[in-house]
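Okay, structure first, notes after.
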There are 2 protein chains.
Amino acid sequence: MNYPLLEATDPTTCLSGKMSRISRITANIFRKHIKEYGLSNSQMSLLFVLSKRRDLTQKELCDILFMEKSTLNRNLKRLVDQKYVTKKDFPALNITETGKAHLEKAIPAWRKAMKEIRSLLLADGEEAVDTILTKLKQSQL
Amino acid sequence: MNYPLLEATDPTTCLSGKMSRISRITANIFRKHIKEYGLSNSQMSLLFVLSKRRDLTQKELCDILFMEKSTLNRNLKRLVDQKYVTKKDFPALNITETGKAHLEKAIPAWRKAMKEIRSLLLADGEEAVDTILTKLKQSQL
DNA sequence: ATCGTAAAGTTGTATATACAACTGATATGA
DNA sequence: TCATATCAGTTGTATATACAACTTTACGAT
């Protein structure tokens, strides 16, 4: 039995595989730095958004984060359970003082993580990230 | 109460947030194309590697994929359960004829996915992916 | 040959992710 | 007003991911 398509394919070109590797390596570096604050990468991203904009809905957060609504709903729930986010004005969501204080405390660790990633990517690597994200966002309109 | 670090921080610069968005958008595009073959992105990556090299161990797959050993162990188990991979020569792992045949059938869908991603990234976007991955790999030695 | 250590593999647990299906709210047209 | 249709939010289920802890295997020194 032979497999002409498979034999003609170079799997190392697979962009899904490359992106997954990039994602795993990056996530691991960030996680290492911020885990001592009990925050995951995804939770930190969510808190960051909520720290800068008030009264966002789940739908709006989904659009900002390119995240499926059920994923967001559950990530959010964990932050609400910890009282970092309040649903007091539901459906509007807001970060609490507790949430802001916790995020504030985690920022030095976040900066260390950013520094470590930047030391790997250098300026052109960080630009490359923006290039890719800008292009991919075009598909999300 | 005020939060000097938080106020001095621009969360939109966060590389973890950017990478996560990139990962979600890309994974969704690939998933859309290959799901009809019952393969996930991660499973396809694994089968691709095993289709090109014989007798790899779990450890070797982990190193190739930058994946934690327990993650790999379970992803592998799903492929073994479906008889796409055999542990007959354990600890050496091998793709089966069934696995190769299934992968062969999925390749046209994979090509469509690649085409869609490439139409978004263009040549410079795809180069940017390689730039990033090459730099990040430096940290994994 | 054996004992001890280190490495590989497995299992328990928690979060992240998305799709499908359901619920509830809201808005719009007859 | 009411019926319906759409949209936001929630819940069920499955895979992906990683850390910690455990088991098993392999290997090296004495």
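Computed from a predicted model, the values in this text were never measured in an experiment. As a basis for the values below, the full set of heavy atoms in this structure was taken, side chains included, without hydrogen atoms, waters or symmetry mates. Chain letters run A, B, ... following the sequence lines, proteins first and then strands; every chain starts at 1.
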Test salt bridge (charged side-chain N to carboxylate O under 4.0 Å, His left out) applied to Lys87(A) - qualifying residues, sequence neighbours left out:
none
Taking only residues two or more places apart in sequence or in another chain, which ones pass side chain to side chain donor-acceptor pair (under 3.5 Å) with Ser42(A)?
Asn75(A)
By salt bridge (charged side-chain N to carboxylate O under 4.0 Å, His left out) - contacts of Glu60(B) (at least two apart)
none
Verify, without hydrogens or angle tests, whether Ser20(B) (side chain) and Ser16(B) (backbone) share a donor-acceptor contact under 3.5 angstrom.
yes
Tell me the side chain to side chain donor-acceptor pair (under 3.5 Å) pairs involving residues 102-111 of chain A, sequence neighbours left out?
Tyr84(A)-His102(A)
Where along residues 58-96 of chain B does a heavy atom come under 4.0 Å from DNA chain C, residue by residue in number order?
Gln58(B), Lys59(B), Lys69(B), Ser70(B), Asn73(B), Arg74(B), Lys87(B), Phe90(B), Pro91(B)
Please set out all donor-acceptor pairs under 3.5 angstrom arising from side-chain atoms of residues 128-139 of chain A, sequence neighbours excluded.
residue	atom	partner	partner atom	Å
Asp130(A)	OD1	Lys18(B)	NZ	2.7
Thr131(A)	OG1	Glu127(A)	O	3.0
Thr134(A)	OG1	Asp130(A)	O	2.7
Lys135(A)	NZ	Leu121(B)	O	3.2
Lys135(A)	NZ	Asp124(B)	OD1	3.0
Lys135(A)	NZ	Asp124(B)	OD2	3.4
Gln138(A)	NE2	Thr134(A)	O	3.2
Ser139(A)	OG	Leu136(A)	O	2.7

Stretch residues 133-141 of chain B: residues that reach within less than 4.0 Å of DNA chain D through a heavy atom
none
According to the ring-ring contact (aromatic ring centres under 6.0 Å, His included) rule, which pairs have a member within residues 3-24 of chain A, sequence neighbours left out?
none
Is there any ring-ring contact (aromatic ring centres under 6.0 Å, His included) pair reaching into residues 52-76 of chain A, and which pairs are they, with sequence neighbours excluded?
none
Report the residues that fulfil side chain to side chain donor-acceptor pair (under 3.5 Å) with Lys100(B), sequence neighbours left out, ordered by chain and then residue number.
none
Please work out which residues in residues 17-44 of chain B have a non-hydrogen atom less than 4.0 Å from an atom of DNA chain C and list them by number.
Arg24(B), Asn28(B), Arg31(B)
Using side-chain contact (heavy atoms from CB on, under 4.5 Å) as the criterion, list what pairs up with Asp10(B), not counting sequence neighbours.
Thr12(B), Thr13(B)
